[in-house]
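I have placed the structure first, in the form of structure tokens, so that the comments after it can refer back to it.
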Amino acid sequence: MELIKILFKMIRYHRKDYMLYLYCNIFTMALLLAFLSVCSNHSLMHNYQVDPMIADNILFPSLMVCLFTLLFLPYAYEAFLKGRKQEYSVLMTLGMTEREVIANMFLECFAVSSAGCIMGLVCGSGLSVLFFLFLRRIIGITPIQWEFHARAYLAAVGLYALVIILILLLNIIRILKANLSELLQAKWKEERKQKGSKALLFLGCAVFLVSILSMLYVFYSGKTNFWLLSMGSFLMGTFLAIFHSDSVLYKNSSRKWKISFGLLLQNLKSWKIVTIISSCLFGLIVFFSGLCFTIYSYSMHNAIAYSPYDLFYVRDQNSNQMELEELEQILNRHGISLVSQTQVCVLRSGAFNILSADEINEKLGKDYHPCQGSFIQLFQEDLKDGYEHELLPVENVTIKLGDSKKLPLALQEQRIEILFNPCKSLADTTLIVNSDDFKRIAEQSEEYFLVNAILINLDNWKISGPAIAELQNCMAASNNFSQEAQYLSSLSSKIGTYTIEKQSSEVLIFWIFFVDLMFFGAANVTIYFKIKSELKEDTRMIYHLYRIGITEKETWNILFKKNLCYYLPSLIMGIGFGIFYCFSVNSIYHYGLMGFICAGLTAAAAVLLQFFLIFVITRYEYSEVNPFP
Amino acid sequence: MESPADILKITNLSKSYPIHKELALPVLQGIDLTIKAGELTAVMGPSGCGKTTLMNLISGVDSADSGSIMIRDTEITTMNKSQMAVFRRSHIGLIFQDFNLMESLNVKDNILLPLFLDNHSQYGEEMFQKICKILSICDITDKNITDISGGEKQRTAIARALINHPQIILADEPTGNLDAKSTKDVMEYLTDINREFQATLFMVTHDSYAASYCDKVILLKDGKVLSVLEKAQNSRKIFLEHIYEFLKQIGGE
Ligand SMILES: Nc1ncnc2c1ncn2[C@@H]1O[C@H](COP(=O)(O)OP(=O)(O)OP(=O)(O)O)[C@@H](O)[C@H]1O
Ligand SMILES: [Mg+2]
């Protein structure tokens with residue numbers, strides 16, 4: 001009984017450490033759950049009103065959050081345990097058995113973790129509810145709403161439990177293996193055991209340089225896989241160099257920095273871990289925002305480029321049979337008038353759309369001249385739309401005509417031009433043939449059937465939304481199709497694509513904001529956790545210095561420089577990775593400069609915010625540490 | 001009364017610390033010692049000669065490379081850590097050079113800690129009062145460890161080592177932070193305890209005066225036992241002079 005009372009007294013004495021560790025757990029859990037909830041939300045991830053590329057951009061950061069959990073939780077536990085180990089080892093010299101120590105560790109870890117887990121789940125739910133509320137109310141995307149998915153909760157709890165159990169086991173094994181006299185000094189020894197070596201520093205620098213060179217070479221020769229490989233070695237080289245920089249930094253640093261470096265070196269191991277985690281987070285912020293802002297900048301342009309006509313649909317014997325007069329009446333009722341109207345014949349099968357060159361040239365003012373027996377393959381794509389394009393040629397097409405006759409066609413040339421709006425009632429590949437061939441196919445083929453593509457321009461497409469909705473309803477009513485068939489024969493309008501693109505962009509921008517905020521928060525929590533858990537030690541150090549004689553201003557400078565050492569390396573590395581990576585990924589799609597600028601701007605914002613935070617944190621630390629009466 | 005059998009028997013004890021991959025720093029090289037039950041023994045020697053290391057080995061805090069340590073009839077070098085822990089809390093009182101007190105507890109809890117670990121706090125109070133009086137720390141028992149002086153910490157550490165009547169007390173410079181008067185009090189108290197409970201004291205010290213309270217002084221140098229001075233039937237003063245003389249000869253203090 002007495003022993004339990006004593007243990008409680010110890011816990012009360014260290015309550016600040018416990019609370020700090022608890023907060024870290026809550027934060028991590030909340031972050032994890034919020035991202036997993038967003039990920040598993042059906043209304044967001046499978047929404048027709050939102051561009052599917054959004055889904056990819058949601059999955060990627062969520063994966064990164066899982067990775068963060070895997071790295072940060074063990075670190076937080078180690079830092080927390082570091083303080084406790086000292087006490088455990090004293091208790092062990094007084095005769096506490098290992099079993100008792102381990103039982104104690106287990107209980108403690110279990111208590112704090114389950115509290116952290118539950119509170120984290122509550123906070124995470126709140127966060128995700130807020131996220132969707134904001135999306136609905138402020139951005140105004142009403143079909144998207146918060147959903148409860150037990151899967152998300154299970155996954156979050158599962159991952160969390162797995163990490164906790166693993167680190168607990170690892171530390172128990174470590175205690176079992178350690179010698180008591182080692183444990184007594186663990187607090188100091190573990191941190192300073194690994195001193196940087198010059199050889200590894202140079203190795204790191206060499207790897208770094210070689211990777212950069214090979215990346216440049218590979219970049220211009222366009223081998224993506226190898227490029228990713230070099231990216232990996234580039235990261236490793238950088239980390240290696242940074243981690244062994246203490247071998248030269250401390251000796252050669254100016255006197256003014258020496259004390260700050262000394263404070264840093266006191267907890268070198270945790271500094272390395274923190275630097276890896278936060279530089280990844282900073283890098284992700286810069287890369288991800290740069291990427292998404294670039295996507296945003298061209299997605300609007302794409303909406304217009306891919307929809308050359310204000311209204312486009314396909315008519316055949318069964319669907320969308322509406323007289324032009326009726327169509328015009330409906331449009332007029334909504335105050336919109338029809339400016340031009342063209343009809344183009346399309347022969348389509350499951351695989352191809354075939355157009356007649358003469359008709360296209362005449363009606364759409366184009367210039368296609370396929371010879372008899374050959375075709376022009378048309379790619380209706382904009383090469384500068386920010387996506388990768390695979391222009392695979394169709395070399396030969398053989399069209400079965402009736403009576404077992406065949407019409408072989410060969411590829412004459414490839415053209416890249418957008419003729420029609422994206423439309424679900426047409427096939428993916430479009431071929432343009434000579435009008436004689438076209439006639440033969442139309443008359444004799446049983447595979448191909450003739451449909452009409454209707455191309456309409458309006459006087460003001462931006463307000464055409466309600467009119468087109470009504471048109472769609474009328475046509476659907478007269479079609480009398482099943483839902484799926486109706487979906488395939490639905491209208492395609494400029495305002496439709498534009499609205500989807502606009503909403504997607506808004507969701508994307510909001511998402512970037514959310515991700516950046518969370519990641520920036522996570523990076524700062526990681527570093528702040530370290531600063532805070534070292535506060536006691538630092539206070540002692542500063543007090544020793546104070547007794548030797550330092551001024552208040554010097555104290556401030558020491559702390560400020562120390563915090564710079566904590567934040568800047570990861571910030572600089574993160575920004576370097578982020579900008580570089582964002583530039584190169586966007587370069588593949590011809591938006592390298594844009595990517596560079598977007599990432600650069602995000603980085604600048606991050607630096608400004610971070611400096612402000614360093615200032616605030618130093619001020620807090622100074623007020624805690626300050627030995628001056 | 002028990003016969004003054006050997007309570008501690010060390011044979012051919014060696015210990016080295018790894019410095020670099022292949023390199024090791026030999027600290028203790030073949031130590032042989034025998035301590036009789038109830039004896040007061042002081043270990044002296046220049047700084048860094050391995051005194052604390054020897055203490056750590058005897059208390060099982062660190063493990064030896066080779067050799068054997070018998071306490072009573074128990075070989076402790078072959079014990080596992082849990083057995084050692086239980087053995088330590090029932091037989092050994094430890095006083096560390098750097099105290100190793102718990103900052104999170106106050107003086108009283110620190111002193112009573114070994115009893116709590118053994119789950120019998122009943123007979124603690126009386127003993128606690130008695131020890132506090134002798135060590136004159138009655139006034140500070142409610143203070144936090146962070147708020148007491150170096151000497152007070154030392155006395156707290158001594159009190160903690162004595163609270164559960166250990167058979168053997170291992171003390172690493174128990175008087176290192178004390179003034180002459182306190183040193184005298186502590187040494188006299190340790191002698192009293194020794195007489196009253198037949199507790200064996202094995203202590204490291206740099207202070208010849210404190211050493212002169214002992215029955216035997218072991219001189220360590222370069223990881224070996226240089227010589228052993230016995231007090232025998234001499235008075236404390238004469239023994240003190242012996243120690244002085246000997247230290248002078250080997251170029252110490
Ligand atoms: N954990 C360790 N790792 C490496 N070397 C060590 C370690 N502990 C002690 N040493 C070295 O072993 C030697 C003996 O140390 P020890 O602490 O036993 O000396 P000591 O006799 O107690 O000295 P003092 O009188 O100053 O307390 C010293 O040279 C010390 O540097
Ligand atoms: Mg020592």
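Below, read A as the first sequence line, B as the second, and so on, with proteins coming before strands; counting in each chain starts at 1. In what follows, every heavy atom counts, from backbone to side chain, and hydrogens, waters and symmetry copies are set aside.
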Practice item. Counting only heavy atoms closer than 4.5 Å, note whether B:Phe96 contacts chain A via side chain, backbone, both or neither. Key: side chain
Study note, to complete from the structure: Applying a strict 4.5 Å limit to non-hydrogen atoms, the region of B:Glu103 in contact with chain A is both
Review point. Quick check: are there more than 12 heavy atoms from other residues, nucleotides or ligands sitting under 6.0 Å from CZ of B:Phe87?
Key: yes
Exercise for review: Apply the test side-chain contact (heavy atoms from CB on, under 4.5 Å) to residues A:His14 and B:Ser104: give CA-CA distance (whole Å), side-chain angles for both, the deciding distance (0.1 Å), then the verdict.
Suggested key: CA-CA 7 Å; A:His14 292 290; B:Ser104 46; 3.8 Å; yes
Check your understanding: Where on A:Leu176 is there a heavy atom nearer than 4.5 Å to chain B: the side chain, the backbone, both, or neither?
Key -> backbone
Point to revise | Approximate separation, where rounding is to 0.5 Å, of A:Arg12 CZ and B:Leu105 CG | key: 11.0 Å
Check your understanding: How far does NZ of A:Lys5 sit from CG of B:Asp109, to the nearest 0.5 angstrom?
Key -> 9.5 Å
Review point. Is a side-chain donor or acceptor of B:Arg88 paired with a backbone partner of A:Thr93 at a separation under 3.5 angstrom?
Key: yes
Check your understanding: Can you check side-chain contact (heavy atoms from CB on, under 4.5 Å) on A:Leu180 and B:Asp62, steps first, answer last?
Key -> CA-CA 6 Å; A:Leu180 233 182; B:Asp62 212 340; over 6 Å; no
Point to revise | Distance (rounded to the nearest 0.5 Å) between A:Ile6 CD1 and B:Leu112 CG | key: 7.5 Å
Exercise for review: I would like to know whether B:Ser63 and A:Asn179 meet side-chain contact (heavy atoms from CB on, under 4.5 Å); could you show each step before the answer?
Suggested key: CA-CA 8 Å; B:Ser63 56; A:Asn179 206 310; 3.4 Å; yes
**Study point:** Between A:Thr97, A:Ile11, A:Val101, the one whose heavy-atom pairs under 4.5 Å with chain B are most numerous
**Key:** A:Thr97
Review point. What part of B:Thr146 lies closer than 4.5 angstrom to a heavy atom of chain A: side chain, backbone, both or neither?
Key: side chain
Study note, to complete from the structure: Answer key: most heavy-atom pairs under 4.5 Å with chain A among B:Leu94, B:Leu113, B:Val86, B:Asn56 is B:Leu113
Exercise for review: Specify the closest pair of heavy atoms between B:Ala85 and A:Met96, including all atoms of both residues, with the distance to one decimal.
Suggested key: CB-O, 3.5 Å
Exercise for review: Using a cut-off of 6.0 Å, state whether more than 12 heavy atoms not belonging to A:Phe106 lie near its atom CZ.
Suggested key: no
Practice item. Just do the salt bridge (Lys or Arg N to Asp or Glu O under 4.0 Å) check on B:Lys81 and A:Glu182 with the steps written out, would you? Key: CA-CA 13 Å; B:Lys81 280 193 280 177; A:Glu182 281 166 20; over 6 Å; no
Check your understanding: Between A:Leu94 and B:Arg89, which heavy-atom pair has the shortest distance, and what is it?
Key -> O-CB, 3.2 Å
